[in-house]
Amino acid sequence: MTHSKRTGSNKSETQDRIPCRVHPMLAVLASKPSNQPGWVYEEKYDGYRILAYKEGAKVTLLSRNDKDRTATYAGVANLVAELSPRTLLLDGEVVALDKNGISRFELLQQGAAKPRYAVFDCLYLNGQDLRRQPLRERRKALEKTVPTKTGLFVSRRLASNGLVAYEIAKKKGYEGVLAKDESSSYIEGRSSSWLKFKVHQEDEFVIVGYTPPEGSRKYIGALLLGAHQDGKLYYVGKVGTGFSQERLRSLHSRFKPLIRKSPPIVNPPRESGVIYLKPDLVAQIGFQEWTDDKKLRQARFLGLRDDKAAREVSVPESAP
């Protein structure tokens, strides 16, 4: 089974080329859920953002930072290749679903469930650039183009009322809700035409060090986490749960070439024995809440992310 099989002449391949490479539209974090006329409310998925380019018989999957994920998610690429349009550009999230159909980032990281592609936008279709068309028209094109399959589906709309959609997300255990202005065009980068309401606190943080293991635990005690604010990297707490033995071993191996003598953060914790690291790696962390002094409470490690640079990780707007 293959995701890309070229047929025909070089001329046809040139004609099938989509003449743009797109940076994804990103939502602004909202402080609380709301309901606005002319907006739609979708399930927020917990996975990897992927843009899927179908150019003739060739499919390419690109992450939000332009890394090629075609081989990583070959099954998804094959499903996109089976779609009928000659040229097609889809925006969505590669996810892994638990037994209740809820996306879980850790399942995707661990390879514990089959990757699926939740598609929420259609940006290019059979030679036509749809990005300037309103979302309602792009959604119609998407629903006509993408049939529901085992590994490929159109993102779920929750309710026409944003407050009701938020309550549904809470009851179902979804990560959150994405609110979108139906009249909006597709804008690369962050835009207030898309908002996100989080049900569960979850975000990306830079790994800045770790503590030595204690007792029967091996390799690593807890990870020290950081985030940028006003051009400086600040310590925001640590996480010691969510690790398998194999994950601890793997992280310890990755940390060895990153060890440094001095802390990379401006406010290091008063804790002895800390091993500091070059701040290159980004972790996805679930947590209960922020303390008043901007530290994470009840943090849990969900996995590493390689689709976001450490320098882009900022103190979330949800922090006090």
Side-chain angles (χ1 to χ4, degrees), residues 16-30 34 36-56 58-70 73 76-77 79-80 83-95 103 116-148 152-158 160 162 165 175-198 307-309 312:
D16 290 333
R17 172 77 176 175
I18 294 174
C20 59
R21 286 296 182 265
V22 177
H23 294 288
M25 186 170 177
L26 303 173
V28 172
L29 178 64
S34 61
Q36 302 183 63
W39 286 57
V40 292
Y41 302 91
E42 302 175 3
E43 177 183 351
K44 185 181 186 302
Y45 295 97
D46 193 8
Y48 278 118
R49 185 74 172 272
I50 291 291
L51 289 161
Y53 294 79
K54 182 177 188 289
E55 299 168 301
K58 181 182 179 182
V59 170
T60 306
L61 305 182
L62 296 180
S63 71
R64 58 184 284 182
N65 58 344
D66 295 326
K67 289 189 176 182
D68 193 318
R69 293 288 180 256
T70 315
Y73 303 118
V76 168
L79 290 173
V80 174
L83 299 176
S84 59
R86 188 72 188 171
T87 54
L88 180 66
L89 173 52
L90 301 173
D91 188 4
E93 195 100 357
V94 169
V95 297
S103 61
R116 306 181 187 206
Y117 193 31
V119 190
F120 45 72
D121 221 325
C122 182
L123 309 183
Y124 196 92
L125 177 63
N126 282 332
Q128 185 180 8
D129 190 338
L130 305 181
R131 289 176 293 170
R132 292 189 178 182
Q133 293 192 18
L135 173 62
R136 67 174 65 88
E137 298 302 321
R138 303 199 308 271
R139 178 78 180 200
K140 288 178 184 177
L142 175 64
E143 292 176 347
K144 290 179 181 178
T145 303
V146 177
T148 298
L152 183 69
F153 61 94
V154 175
S155 61
R156 289 185 281 256
R157 295 266 170 97
L158 300 179
S160 58
E175 190 202 353
V177 177
L178 276 174
K180 299 177 180 179
D181 182 349
E182 272 203 306
S183 67
S184 63
S185 58
Y186 192 92
I187 303 166
E188 295 189 33
R190 208 165 294 281
S191 169
S192 57
S193 293
W194 287 10
L195 300 176
K196 54 185 176 182
F197 312 136
K198 289 194 174 183
D307 58 344
K308 189 168 185 178
E312 298 174 354

| Do the charged groups of Arg157 and Glu43 touch, with an N to O distance under 4.0 Å? | no
Note: Leu62 and Asp68 closest approach over all heavy atoms is CD2-CA, 3.8 Å
*Kindly say whether Ile18 contributes a backbone atom to a donor-acceptor pair with the side chain of Glu55 at under 3.5 angstrom?*
yes
Of all heavy-atom pairs linking Pro85 and Lys54, the shortest is O-NZ, 2.7 Å
When Arg156, Arg139, Lys196 are each screened for salt bridge (Lys or Arg N to Asp or Glu O under 4.0 Å) with Glu42, the one that passes is Arg139
Q.
If we ignore hydrogens and angles and just use 3.5 Å, is the side chain of Tyr117 paired with the main-chain N or O of Ile50 as donor and acceptor?
A. yes
Check: Is any side-chain heavy atom of Ser160 less than 4.5 Å from a side-chain heavy atom of Trp39?
Finding: no
Determine whether a donor-acceptor pair (N or O, by modelled atom type, separation under 3.5 Å) exists between the side chain of Lys180 and the backbone of Tyr41. no
Worksheet item: Are any side-chain N or O atoms of Tyr186 and backbone N or O atoms of Met25, one a donor and one an acceptor, separated by less than 3.5 Å?
Response: yes
Side chain Lys144, main chain Val146, donor-acceptor under 3.5 Å:
no
When every non-hydrogen atom of Leu125 is compared with those of Ala141, the smallest separation belongs to CD2-CB, 4.1 Å
Rounding to 0.5 Å, atoms OG (Ser155) and CG (Leu178) come to a distance of 8.5 Å
On a heavy-atom basis, the closest approach of Leu130 and Arg138 is O-CD, 3.3 Å
Query - Step-by-step side-chain contact (heavy atoms from CB on, under 4.5 Å) determination, Thr60 to Lys58 - result: CA-CA 7 Å; Thr60 306; Lys58 181 182 179 182; 3.6 Å; yes
For Leu152 and Arg116, run side-chain contact (heavy atoms from CB on, under 4.5 Å): C-alpha distance rounded to whole Å, both residues' side-chain angles, the deciding distance at 0.1 Å, then the answer. CA-CA 6 Å; Leu152 183 69; Arg116 306 181 187 206; over 6 Å; no
Looking at Asp16, is its backbone amide N or carbonyl O close enough to the side chain of Thr87 to form a donor-acceptor pair, meaning the two atoms are under 3.5 Å apart?
no
Interatomic distance, CG@Leu26 vs CZ@Arg64, rounded to 0.5 Å, equals 5.0 Å
May I ask you to test the Leu135-Ser193 pair for a side-chain heavy-atom distance under 4.5 Å? no
- Message: Tell me whether the NZ or CZ atom of Arg21 lies within the 45° cone about the ring axis of Tyr53 and under 6.0 Å from its centre.
- Response: yes
CG of Leu90 to CG of Asp121, rounded to nearest 0.5 Å, is 9.0 Å
In terms of heavy-atom contacts, Leu88 and Cys122 come closest through CD1-SG, 3.9 Å
Any side-chain to backbone donor/acceptor pair from Ser185 onto Arg132? Under 3.5 Å, distance only.
no
Go through the steps to decide whether Leu51 and Leu123 satisfy the test side-chain contact (heavy atoms from CB on, under 4.5 Å), and finish with yes or no. CA-CA 10 Å; Leu51 289 161; Leu123 309 183; 4.1 Å; yes
Handout entry: Worked check of side-chain contact (heavy atoms from CB on, under 4.5 Å) between Arg69 and Asp307
Key = CA-CA 10 Å; Arg69 293 288 180 256; Asp307 58 344; 5.6 Å; no
- [ ] Ignoring hydrogens and angles, tell me if any N or O in the side chain of Glu93 forms a donor-acceptor pair with the backbone of Gly47 under 3.5 Å.
- [x] yes
For the backbone of Arg86 and the side chain of Asn126, can you confirm whether one donor and one acceptor N or O come within less than 3.5 Å of each other? yes
Closest non-hydrogen contact found for Leu195 with Ala30 is CB-CB, 4.5 Å
| query | Are Asp91 and Arg49 close enough for a salt bridge, meaning some N to O gap below 4.0 Å? | reply | yes
Next on the checklist: Main chain of Ala27, side chain of Arg190: is a donor-acceptor contact present, judged purely on distance under 3.5 Å?
Outcome noted: yes
Q. If we only count heavy atoms from C-beta on, is the Val40 to Glu182 side-chain gap below 4.5 Å?
A. yes
Check whether any side-chain heavy atom of Tyr45 lies under 4.5 Å from a side-chain heavy atom of Glu175, and answer yes or no.
no
